[in-house]
Amino acid sequence: MAYQLYRNTTLGNSLQESLDELIQTQQITPQLALQVLLQFDKAINTALANRVRNRVNFKGSLNTYRFCDNVWTFVLNDVEFREVTDLVKVDKVKIVLPHSSTTE
Amino acid sequence: MASSANSNPVPKLYRSVIEDVINEVRELFLDEGVDEQVLMELKTLWENKLMQSKAVEGFHTEEQAALQAAAHQQAQQAQQATQQAQAQQVLLPPQQQVTSWQSTRPTVTSAPQQQVIVQDPKILQHMSATGMSAAATAATLALPTGVSPYHQLITSQGNLSQNCYIKTADGQILQFVRAANGAQYIIQPQQQMVLQQQVLPQMQPGGVQAPVIQQVLAPLQGGHPQQTGVIIQPQQIVLTGNKVQQNAQVMQMPGQPGQVQQIQQQVQQVQQAQQAQGGAAPGPPQQQAKQQPPMMLQVDGAGDTSSEDEDEEEEEYDEDEDEDKDKDGGEDGQVEEEPLNSEDDVSDEEDQELFDTENVVVCQYDKIHRSKNKWKFHLKDGIMNLNGRDYVFSKAIGDAEW
């Protein structure tokens with residue numbers, strides 16, 4: 001089963017909001033919305049695995065770390081995300097990652 | 001535009017994901033007997049929200065152009081509508097930030113009326129679709145000048161460092177917000193809020209009315225009658241039980257010291273600073289206050305009758321602490337006055353654009369390694385939202401020190 005991890009992204013949230021609006025206007029059933037979300041999970045996982053090919057480096061200081069229910073959550077401070085082209089600096093960033101069952 | 005999308009794979013990726021999902025879902029829709037129209041509506045809604053979030057650059061260029069053209073017309077109409085309702089609205093940044101902001105539920109009005117928050121998402125849509133920043137949109141709404149600090153407060157959400165909730169005797173929950181410039185405001189739901197320049201405490205018996213104070217002008221002198229309530233000064237919150245501070249406009253909260261210990265801690269710090277200004281006399285009561293947090297804080301010189309004896313005993317402590325307080329007090333004193341000016345300055349525009357997105361990275365990991373306090377991350381397949389913008393990566397390697 002694909003991770004539902006990506007539902008809390010811009011893409012995932014906007015999809016959920018759109019589905020909620022349709023449910024409220026009763027154009028679709030909640031059941032159908034759930035199916036859509038499951039489909040989204042599959043699609044996004046596949047897309048990320050196959051369609052994205054870029055690397056990022058980052059460096060910062062770790063504020064907190066947590067490993068609970070097989071999910072890591074880190075909070076980093078003063079992090080620099082460095083890609084080939086650009087550099088993004090943030091004061092605080094939260095990294096959420098579930099344990100990957102398929103380790104490469 | 002499409003040809004120069006090499007540098008940013010995000011919009012293309014999102015497009016393709018949307019297309020895939022919609023196509024795969026089409027069958028589901030048809031099985032349920034739902035019209036194709038609804039599917040198209042879903043797609044439109046989805047894409048609109050993505051555009052609003054401004055997290056993704058670029059979009060279906062045709063749709064974008066068409067939407068923007070339509071949005072311009074509607075935005076003009078919306079502006080007229082909003083100007084009418086401007087007295088009751090404060091415009092918040094686009095939805096993405098709104099959703100995160102709503103979790104803290106600030107409710108601010110620009111006039112002494114019932115407050116209304118983020119209204120009309122359509123207006124927001126149009127506003128953001130036209131590329132106007134939150135600052136510009138608020139400016140077009142011609143918010144009254146008295147709201148400007150709030151405007152900054154809201155638009156510079158990235159500056160918010162603390163959100164504290166204080167529960168008063170009424171059970172009301174005052175949201176206590178502290179902006180980056182040090183100014184502290186209490187946002188009180190469903191109460192009169194923004195006060196222009198003067199502190200106008202409006203106290204009601206048996207209740208806590210906490211007018212939000214933007215600026216504190218001339219502090220009330222001593223001899224202030226006992227009143228109830230909480231007054232906030234920039235960087236200061238003073239709570240007194242039965243006595244009034246000399247240098248601050250202070251209202252009393254009826255019998256609630258125990259519930260607002262958060263404020264009291266800050267008050268104590270503030271009062272330490274004030275004492276440096278006020279001299280050594282208020283020192284002992286401060287120490288009393290420090291040693292007994294639940295006790296009412298007393299800094300009034302006139303009310304020091306009970307502490308004279310202890311003055312002698314604690315002189316030594318006073319001297320040492322006053323030295324420290326002088327340093328802090330000097331700085332704080334300057335800062336107290338400066339907020340009047342610093343509020344005029346708009347922090348970097350970048351900060352305004354940052355909003356208060358908690359930068360999140362969702363991904364999977366190959367390996368996470370730790371050596372003493374050095375962590376190494378080997379991540380993969382991630383979507384990042386940094387500073388309000390979206391990025392993706394197939395691999396990420398990072399170092400962090402704990």
Side-chain angles (χ1 to χ4, degrees), chain A residues 3 5-6 8-11 13-15 17-19 21-22 27-29 31-32 35-36 39-40 42-49 51-65 72 74 76 79 81 83 85-86 88-100 103-104, chain B residues 7 9 12-14 16-18 20-21 24-25 28-29 32 34-35 38 41-42 45-50 52-53 55-56 95-96 99 358-368 373 375 377 379-387 389-402:
Chain A
Y3 294 108
L5 170 72
Y6 298 102
N8 188 23
T9 58
T10 317
L11 204 56
N13 281 329
S14 35
L15 177 60
E17 287 170 13
S18 312
L19 288 171
E21 287 181 21
L22 290 182
Q27 290 174 288
I28 61 175
T29 65
Q31 176 71 12
L32 182 58
Q35 296 287 327
V36 173
Q39 202 60 46
F40 166 77
K42 281 193 228 168
I44 189 79
N45 275 284
T46 320
L48 274 182
R51 298 222 181 90
V52 185
R53 284 282 172 260
N54 61 324
R55 276 181 61 146
V56 168
N57 281 328
F58 63 94
K59 202 173 167 74
S61 49
L62 186 65
N63 186 304
T64 55
Y65 56 89
W72 277 106
F74 299 96
L76 275 67
V79 196
F81 285 86
E83 205 163 350
T85 48
D86 39 35
V88 181
K89 287 194 190 183
V90 296
D91 291 334
K92 173 179 159 187
V93 65
K94 183 157 96 167
I95 304 186
V96 181
L97 28 153
H99 182 78
S100 173
T103 55
E104 298 182 17
Chain B
S7 57
K12 273 193 340 192
L13 173 75
Y14 283 12
S16 66
V17 168
I18 292 181
D20 283 347
V21 172
E24 287 167 6
V25 159
L28 289 173
F29 271 55
E32 289 274 326
V34 178
D35 193 20
V38 178
E41 197 172 331
L42 171 66
L45 282 171
W46 194 0
E47 289 172 347
N48 284 344
K49 288 187 201 293
L50 280 179
Q52 288 165 31
S53 72
V56 182
Q95 277 191 357
Q96 186 188 19
T99 54
E358 184 175 315
N359 307 299
V360 181
V361 178
V362 281
C363 57
Q364 302 172 31
Y365 66 86
D366 286 332
K367 190 162 113 172
I368 298 201
N373 70 336
W375 290 73
F377 308 94
L379 310 175
K380 65 176 184 183
D381 298 338
I383 299 181
M384 309 192 284
N385 185 287
L386 307 173
N387 300 332
R389 305 259 305 264
D390 270 6
Y391 306 88
V392 291
F393 61 83
S394 65
K395 276 172 88 75
I397 300 194
D399 284 295
E401 192 171 320
W402 183 65

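Computation of the quantities below employed the complete heavy-atom set of this structure, encompassing side-chain atoms and omitting hydrogens, waters and symmetry-equivalent molecules. Below, chain A is the first sequence line, B the second, and so on; all start at residue 1.
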Could you measure the distance from the NZ atom of A:Lys94 to the CG atom of B:Asn385? Nearest 0.5 Å is fine. 12.0 Å

Inter-residue atom distance A:Ile95.CD1 - B:Phe377.CZ, 0.5 Å rounding: 6.0 Å

Heavy-atom distance under 4.5 Å to chain B: side chain of [X], backbone, both or neither?
| X | value |
| --- | --- |
| A:Thr46 | neither |
| A:Leu76 | side chain |
| A:Asn63 | backbone |
| A:Thr9 | side chain |

With a 4.5 Å cut-off on heavy-atom pairs, point out which of A:Val79, A:Asn57, A:Val56, A:Thr64 contacts chain B the most. A:Val56

Can you name the nearest heavy-atom pair linking A:Leu5 to B:Cys363, along with the distance? CD2-O, 3.2 Å

Which pair of non-hydrogen atoms, one from B:Glu32 and one from A:Leu32, has the smallest distance, and what is that distance? CG-CD1, 3.7 Å

Side chains of [X] and [Y], heavy atoms from C-beta outward: is any pair under 4.5 Å?
| X | Y | value |
| --- | --- | --- |
| B:Trp46 | A:Leu19 | no |
| B:Met384 | A:Val93 | no |
| A:Val36 | B:Phe29 | yes |
| A:Phe74 | B:Ile368 | yes |
| A:Leu22 | B:Glu41 | yes |
| A:Ile28 | B:Val38 | yes |
| A:Asn45 | B:Gln364 | yes |

So, does B:Asn359 use its side chain to make a donor-acceptor pair with the main chain of A:Lys92 at under 3.5 Å? yes

Between B:Asp35, B:Leu45, B:Val34, which residue shows the highest count of heavy-atom pairs closer than 4.5 Å to chain A? B:Leu45

Interface residue of largest heavy-atom contact number with chain A, from B:Ile383, B:Leu379, B:Asn373, under 4.5 Å: B:Ile383

Just do the side chain to side chain contact (heavy atoms under 4.5 Å, CB included) check on A:Leu15 and B:Leu42 with the steps written out, would you? CA-CA 8 Å; A:Leu15 177 60; B:Leu42 171 66; 4.1 Å; yes

Using heavy-atom distances under 4.5 Å, tell me whether B:Trp402 contacts chain A through its side chain, its backbone, both, or neither. both

Assert yes or no for the condition that the ring centre distance of B:Phe393 to A:Phe81 is strictly below 6.0 Å. no

